[in-house]
Protein chains: 2
Amino acid sequence: MLSAACRDSIRAMIYIANLSKKEKYKDRFISIYKIARDLGLSFYFLSKNFQKLVKAGLLESHRGPQGGVKLLKPPSKIRLIDIVAVIDGMDFFNNCILGFEKCSDENPCSIHNLWADKRRQILSMFEKTTLEDAIRNIEKFENIKV
Amino acid sequence: MLSAACRDSIRAMIYIANLSKKEKYKDRFISIYKIARDLGLSFYFLSKNFQKLVKAGLLESHRGPQGGVKLLKPPSKIRLIDIVAVIDGMDFFNNCILGFEKCSDENPCSIHNLWADKRRQILSMFEKTTLEDAIRNIEKFENIKV
DNA sequence: AAGATTTAAGAGTATTTTATCTTAAATATA
DNA sequence: TATATTTAAGATAAAATACTCTTAAATCTT
């Protein structure tokens, strides 16, 4: 459902949000190299994907020593759907699961009524969940990588 | 979420189930060429994907004149998840949405508890919905292609 | 001002998925 | 038996996605 690019981006955004809480990183830029290393992601791939988030206004970037990226809004104002929309687009939520152009609530394909309900719930989850919500669960997660 | 191969396969299976109801097609093989033409799908791509459904025992195939494919079980016994499992596999339902190996109910990643619930509902929908259920909605759908 | 650090941008490569083509095998029918 | 029809299987091609590399630009530090 999520592309690899989107999956990595969400992980990285949650990581940044979490770091930003700590006094040491408050309002500072966090280097993409560090993020990729800490999360076990590809620096190249992550940098490339972050460029879209910067253009979309979710991240601010800064070059040079002490440079990196930081959130432009507080974690409570950044929703997972904002990241998904930028990286993957909204096709998943807008298009018929069987690929019919004309499928809609008014003219439903043979599984539209079943699927539309699930899709709405997924959308709702991504709309309701913010980076703030996500970082609340991090402490409990005993994985090395956030 | 569904690959193009899976999307096409499900459409085609619903189409076959629907045709099978009609007296004229009862227990007959339906040519893949006809299915692809009627649904506006690629004959080549559909044949290739059908090979998996045949191997998996969902379809029976027959070569030569009057050949084609037909369902091995009544539409009420073929679930959408059976098709998904054969064509796409179950990774979507088994793997963490953020890609963590160790993510589970016992050791949840930062969005596992939110996502697991949605994923369960999607799985449940695909498990509960049979081709029989799908064809019940076809008449209402005013699209040229089923 | 020079050098080191860091992201931006675009080009390039690899892998996966999608789609097509070709040949062979099976089989019905004339 | 010969021919036409139809799927099977493997090879190939095209497109999309994932991933990497190189060079440039910005900017901090010395």
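Chain A is the first sequence line, chain B the second, and so forth, proteins listed ahead of strands; every chain is numbered from 1.
- Look at CZ on B:Phe29: it is 14 Å from C1' on D:dT5, rounded to the nearest Å.
- Regarding A:Leu41, its CG atom lies at a distance of 15 Å from the C1' atom of D:dT20, rounded to whole Å.
- Taking atom CD of residue A:Glu60 and atom C1' of nucleotide D:dA26, one finds them 14 Å apart after rounding to whole Å.
- A:Ser61 has no side-chain polar atom (N or O) that falls below the 4.0 Å cut-off from OP1 or OP2 of C:dT6.
- Put simply, OH on A:Tyr44 is 14 Å from C1' on C:dG10, counting in whole angstrom units.
- Listed in residue order, the members of residues 45-55 of chain A having a heavy atom less than 4.0 Å from DNA chain D are A:Phe45, A:Lys48.
- For B:Ala5, counting side-chain heavy atoms from C-beta on, the closest listed nucleotide (C:dA8, D:dA18, C:dT18) is C:dT18.
- Smallest separation of non-hydrogen atoms from B:Lys34 and B:Tyr15: NZ-OH, 3.6 Å.
- Donor-acceptor pairing under 3.5 Å is recorded for the side chains of B:Asp133 and B:Thr130.
- Between the NZ atom of A:Lys70 and the P atom of C:dT6 there is a distance of 16 Å, given to the nearest Å.
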> Can you check salt bridge (Lys or Arg N to Asp or Glu O under 4.0 Å) on A:Arg11 and A:Asp8, steps first, answer last?
Replying inline: CA-CA 5 Å; A:Arg11 278 187 61 191; A:Asp8 288 2; 5.3 Å; no
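- Taking the six-membered ring where tryptophan is involved, the planes of A:Phe126 and B:Trp115 are perpendicular, since the angle between them exceeds 60° and thus also 30°.
- For the OP1/OP2 pair of C:dT20 and a distance below 4.0 Å, the side-chain nitrogens and oxygens of B:Ser42 include at least one atom meeting the criterion.
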Scan the side chains in residues 66-74 of chain A for donor-acceptor partners under 3.5 Å anywhere in the protein, sequence neighbours excluded, and list what turns up.
unit_1  : atom_1 : unit_2  : atom_2 : d
A:Lys70 : NZ     : A:Asp27 : O      : 3.1

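- Closest contact between the side chain of B:Asp8 and the listed nucleotides C:dA24, C:dT6, C:dA19 involves C:dA19.
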>> Output the pairing pattern of DNA chain D as a dot-bracket string, 5' first, Watson-Crick or G-U wobble with both distances under 3.5 Å, | for cross-strand pairs, [ ] for crossing pairs.
In response: ||||||||||||||||||||||||||||||
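- When rounded to the nearest whole Å, the span between CZ of A:Phe43 and C1' of C:dA9 equals 13 Å.
- Proximity of A:His62 to the phosphate of C:dT5: no side-chain N or O atom is located under 4.0 Å from OP1 or OP2.
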